[in-house]
Protein chains: 2
Amino acid sequence: MSIREEKKKKTKNAILQAAITLFTQNGYDQTSIEEISKSAGVGKGTVYSYFQTKKDIIKGFCEYDLEQIHLELVKNSNPDASLLEQMLTIYMTEFKHVTRNREFGRLFMRESVFPDDADVKDHCELEDKYFQLLFPIVTRAQDRGEVRKDAELLHITAHFYSLYILIMSAWYTGRLSTEEIEPAMETLFRQALEGLKANTDIQPQHIEKIDE
Amino acid sequence: MSIREEKKKKTKNAILQAAITLFTQNGYDQTSIEEISKSAGVGKGTVYSYFQTKKDIIKGFCEYDLEQIHLELVKNSNPDASLLEQMLTIYMTEFKHVTRNREFGRLFMRESVFPDDADVKDHCELEDKYFQLLFPIVTRAQDRGEVRKDAELLHITAHFYSLYILIMSAWYTGRLSTEEIEPAMETLFRQALEGLKANTDIQPQHIEKIDE
DNA sequence: AAAAAAAATTGACTGCAGTCGAGATTTTTA
DNA sequence: TAAAAATCTCGACTGCAGTCAATTTTTTTT
């Protein structure tokens, strides 16, 4: 690695480190780029040669971090557990991770779910990688006869992802406290698997109570 | 109505009108508060006595507008149509409305789904009103035996809302084009009703193909 | 109807995000 | 290894969001 590349890596890290520290300490809005640059020992302009905008710094941090988590999660998850269990583990881990810092999480979710047009490409790549990790889990569940095969993988994955977003929203709007997240997620995931329609054409005794 | 209240109403309207016109014409970021104030014939400070922030102007516009749409929708919707049909009508109308202006819609969705802590209360009130409008529709579907009764109204409503958010996200990330929205929404809503699990314990011939 | 109180309006001001051209540093060329 | 080219660094500068104390307008009191 050349001197230049070496330095760039160090500088980028220093900026990221300084930014995260200051953001955590004083809040995102209360931290100026100039403070970050001073703390990282570089000029203000240099920060902008590593990150396009202030939001980008958070994005850079969260994305890198999440990618690590995803890889770990999928590796460590028990491939024989039920789809429900596996999805719960994955999305609860993701929830805990993203909400470690309320402010970062909010900015990250906003940008992830409703990205600026300029960031769409970037964001989709990350999401695609994620889906590629989830697909084998769903496929295995299909092979076990746990999940219908007449639905696209992407759609099945999308249902869980969609409920994850909903739950994040409920947390940010204060409708769910941190403790209520896990049971709520389980209920909703269960309902997604079971279906919302009344099971009229099945024997009534087969209906299980799912809601609390 | 006193002279003062009269004037306030007029001024607020003038600001909103000027803002929407300029935002639409030149884009949100390219429009400054000062331009808006000049165009509305007031001082810059006055704008801030009617709206707390720049984003608030968009919010004020969208919220008022949406509330009208909601009321109309629920009044005009056919109470005897299936839940699927009704939900599709409602959320497709909402989709079309929110995405009339791509930029406004994005800002509105970000703030609605992941609101700033300061805006949570405000936002929840609007959402609650919305849910109150949807509940009777779901209740009627339950009475018709279309939807399970062992699930909370809020949960059932939440499933559809969650898929609506997902679809908005897919539109903003370019995964779905405008024409693809309606069929995608129908597929996902259907799947939510039917459930994702394989119907192993039902007679196989009862399984319907839902995916395209 | 005049004085006092309350509320609304104003634009100069502050602080920060993001830009840009000049200068420093590293790499490539000769 | 010196000159030329490419890349990185910098902080002064621009433009705008949001604040605030002074002023004007309306309402209430006497």
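Per chain, numbering begins at 1; letters A, B, ... match sequence-line order. Keep in mind that what you see is a predicted model, and the values were worked out from it rather than measured.
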Starting from [atom2] on [N], measure out to [atom1] on [X] and report it in whole angstrom.
{"X": "B/I33", "N": "D/dT19", "atom1": "CD1", "atom2": "P", "value": "11 Å"}
{"X": "B/D29", "N": "C/dG18", "atom1": "CG", "atom2": "P", "value": "10 Å"}
{"X": "A/K8", "N": "D/dC8", "atom1": "NZ", "atom2": "P", "value": "4 Å"}
{"X": "A/Q30", "N": "C/dC16", "atom1": "CD", "atom2": "P", "value": "10 Å"}

Give me each pair satisfying ring-ring contact (aromatic ring centres under 6.0 Å, His included) with a member in residues 162-195 of chain B, each pair once, sequence neighbours excluded.
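Found B/Y91-B/Y164, B/F95-B/W171, B/F160-B/F189.
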What closest approach, in Å, do [X] and [Y] show between heavy atoms, and which atom pair accounts for it?
{"X": "B/I156", "Y": "B/R148", "result": "CD1-O, 3.9 Å"}
{"X": "B/V113", "Y": "A/T173", "result": "O-CG2, 4.4 Å"}
{"X": "A/R144", "Y": "A/L83", "result": "NH2-N, 3.7 Å"}
{"X": "A/K129", "Y": "A/E67", "result": "NZ-OE2, 2.5 Å"}

B/Y48: which residues meet the ring pair (Phe, Tyr, Trp, His ring centres under 6.0 Å) condition with it, sequence neighbours left out?
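Not a single residue meets the ring pair (Phe, Tyr, Trp, His ring centres under 6.0 Å) criterion with B/Y48.
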List the protein contact pattern of nucleotides 21-26 of chain D with one symbol per nucleotide (5' to 3'): B for base contact, S for sugar-phosphate-only contact, - for none; contact means a heavy-atom distance under 4.0 Å.
----BS
With a 3.5 Å distance limit and no angle check, can you tell me whether A/E111 reaches the backbone of A/K59 through a side-chain donor-acceptor pair?
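Side chain of A/E111 to backbone of A/K59, a donor-acceptor pair under 3.5 Å: no, none is there.
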Using five base pairs at each end to define the local axes, how bent is the helix from C/dA1-D/dT30 to C/dA30-D/dT1, to the nearest 10°?
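Axis angle across the helix from C/dA1-D/dT30 to C/dA30-D/dT1, nearest 10°: 10°.
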Between CD of A/Q142 and CG of A/D150, what distance do you get to the nearest 0.5 Å?
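Going from the CD atom of A/Q142 to the CG atom of A/D150 covers 9.0 Å.
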For a 4.5 angstrom cut-off between non-hydrogen side-chain atoms, does [X] reach [Y]?
{"X": "B/I57", "Y": "B/F61", "result": "no"}
{"X": "A/L196", "Y": "B/H155", "result": "no"}
{"X": "B/F51", "Y": "B/L16", "result": "yes"}

Are the charged groups of A/R100 and A/D65 less than 4.0 angstrom apart, N to O?
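Looking at A/R100 and A/D65, the cut-off is met.
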Listed in order of residue number, which residues of residues 36-61 of chain A have a non-hydrogen atom at under 4.0 Å from DNA chain C?
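The stretch gives A/K44, A/Y48, A/T53, A/K54 as the residues lying under 4.0 Å from the strand, ordered by number.
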Just to be sure I understand the geometry, which residues of residues 10-28 of chain B put a non-hydrogen atom under 4.0 Å away from DNA chain D?
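Those residues whose heavy atoms fall under 4.0 Å from DNA chain D, taken from residues 10-28 of chain B, amount to none.
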May I ask you to decide if the ring planes of A/F104 and A/F23 are parallel, tilted or perpendicular, using 30° and 60° as cut-offs?
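Ring orientation of A/F104 relative to A/F23: perpendicular.
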